[in-house]
Amino acid sequence: MMSIPRHAPIAPTALRRLASGAGIDAHRHDDHQIAYAARGVLAVTTDRGHWIAPATRAIWVPAGTVHEHRAYGPTDLHLVGLTDNPIGLDTPAVLAVGPLLRELIIAYTADPSDASDARGRLRSVLLDQLERSPQQPIRLPVATDSRLAAVCDLLYADPADGRGLAQLGRQVGASDRTLSRLFRQEFAMTFPQWRTQLRLHHALIQLAEGEPVTTVAYRCGWSSPSAFIDVFRRTFGQTPGKQF
């Protein structure tokens, strides 16, 4: 549950260094914002769900969105406030961050007071790269149906729980067919797809906090470390060891 949101009209452009577990409480801006953790893992929570991003991803927060930031592991949080909407989205999203976009964000947030023409040109290239940046499906939406929400809560508390929808449905009072329909209807993804998102969400947090890959793999429900590493590499483009 988010606290009463603060209204900060201008979305700041800044570098903030956060300790693991630290965060920025619920607030909203009249501008759009890019939130990027060059080090550590960043989670953003809104009333629509949870978004999480390691150093190969950034989180797009549209203007007017009430959101909270949370850092996992020592985190270098780069914030870019934008009046432009280069990606044309009015909902939060996770964006891929390649080497060029990473360096552009880091350079642009180094000195927010710099009003030089050179920094203006840097901003133009940054906007161009954001427009080209593909979205990544790393999100945990919030369920509205109470039965679906109950299943999500069970697995969020224990991502290694390997029960299928039929077993989970008996606990929450819904058939597996109903739950399967609700996952597609509310989240636009299947139950296995959502469970993978959930496990990756937990895995990123635990890796950022220094847990070994093998421990994370089993704790988050993978049958083996190699299975976890394969899913992680296909999702983030790097192995957990290289990412962290």
Side-chain angles (χ1 to χ4, degrees), residues 1-6 21-28 35 41-54 57 59-72 89-95 135-209 211 216-223 228 231-232 235-236:
M1 182 70 68
M2 289 195 290
S3 58
I4 298 174
R6 169 175 51 89
I24 302 171
D25 291 337
H27 63 287
R28 63 184 174 88
V41 166
L42 174 68
V44 168
T45 299
T46 77
D47 60 355
R48 298 190 181 195
H50 308 275
W51 285 259
I52 193 162
R57 302 290 184 267
I59 300 176
W60 166 256
V61 183
T65 302
V66 177
H67 61 288
E68 294 180 350
H69 299 288
R70 187 67 51 195
Y72 295 97
L89 291 176
D90 59 3
T91 57
V94 174
L95 306 175
Q135 295 182 54
Q136 302 293 323
I138 307 299
R139 64 188 180 98
L140 291 177
V142 172
T144 58
D145 186 282
S146 60
R147 298 160 297 179
L148 181 61
V151 169
C152 293
D153 288 345
L154 287 171
L155 296 181
Y156 195 90
D158 180 13
D161 186 337
R163 287 180 292 172
L165 280 183
Q167 294 170 296
L168 292 165
R170 285 194 289 271
Q171 184 167 343
V172 304
S175 69
D176 57 342
R177 184 174 180 178
T178 295
L179 290 172
S180 180
R181 173 180 57 79
L182 287 170
F183 270 104
R184 293 193 302 271
Q185 180 179 300
E186 292 206 17
F187 296 167
M189 65 180 90
T190 65
F191 171 60
Q193 289 171 331
W194 177 86
R195 198 204 300 257
T196 298
Q197 296 290 301
L198 173 75
R199 289 175 170 175
L200 286 170
H201 183 99
H202 281 268
L204 284 170
I205 291 171
Q206 293 178 30
L207 289 167
E209 293 176 340
E211 294 291 343
V216 172
Y218 290 123
R219 190 180 287 169
C220 292
W222 275 276
S223 60
F228 166 53
V231 172
F232 193 99
T235 304
F236 297 111

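- A distance-only check finds no donor-acceptor pair linking the side chain of Q206 to the backbone of A203 [under 3.5 Å].
- Using a 4.5 Å heavy-atom cutoff, the side chains of D176 and F191 are not in contact.
- Here the side chains of D158 and R163 are not in contact, with every heavy-atom distance at 4.5 Å or above.
- Between W194 and F187, the angle of the ring planes stays under 30°, which puts this pair in the parallel group of the 30/60° scheme.
- To the nearest 0.5 angstrom, Y72 atom OH is 6.0 Å from H201 atom NE2.
- The two atoms that bring R195 and G164 nearest to each other are NH2-CA, 4.3 Å, heavy atoms only.
- A distance of 4.5 Å separates CG in L182 from CG in D145, rounded to the nearest 0.5 Å.
- Between L204 and F232, some side-chain heavy-atom pair lies under the 4.5 Å cut-off.
- When every heavy atom of D25 is checked against every heavy atom of E68, the shortest pair comes out as C-CG, 3.9 Å.
- Scanning all heavy atoms of the two residues, the minimum distance from A174 to R147 falls at CB-CD, 3.8 Å.
- Note that CG of L148 and CD of Q185 are 9.5 Å apart. Values are rounded to the nearest 0.5 Å.
- Side-chain contact between H50 and Q197 is absent, with no heavy atoms from C-beta onward closer than 4.5 Å.
- With a 4.5 Å cut-off on side-chain heavy atoms, Q135 and L95 count as touching.
- I52 is listed as a side-chain neighbour of V41, based on a closest heavy-atom distance under 4.5 Å.
- A donor-acceptor contact shorter than 3.5 Å links the side chain of E186 to the backbone of T144.
- Closest approach of W60 to L89, counting heavy atoms only: NE1-O, 3.1 Å.
- Listed here is the closest heavy atom pair of R139 and A188: NH2-CB, 4.4 Å.
- Rounding to the nearest 0.5 Å gives a distance of 7.5 Å between CG of L207 and SG of C220.
- In this structure, the side chains of T235 and T196 stay at 4.5 Å or more apart for every pair of heavy atoms.
- No side-chain donor-acceptor contact under 3.5 Å links T46 and H67.
- Atom CZ of R177 is surrounded by 12 or fewer heavy atoms from other residues, nucleotides or ligands within 6.0 Å.
- Considering all non-hydrogen atoms of both residues, V231 and W222 come closest at CG2-NE1, 3.7 Å.
- Proximity of a side-chain donor or acceptor of R199 to a complementary backbone N or O of P159 within less than 3.5 Å is detected.
- T45 is not listed as a side-chain neighbour of R70, based on a closest heavy-atom distance of 4.5 Å or more.
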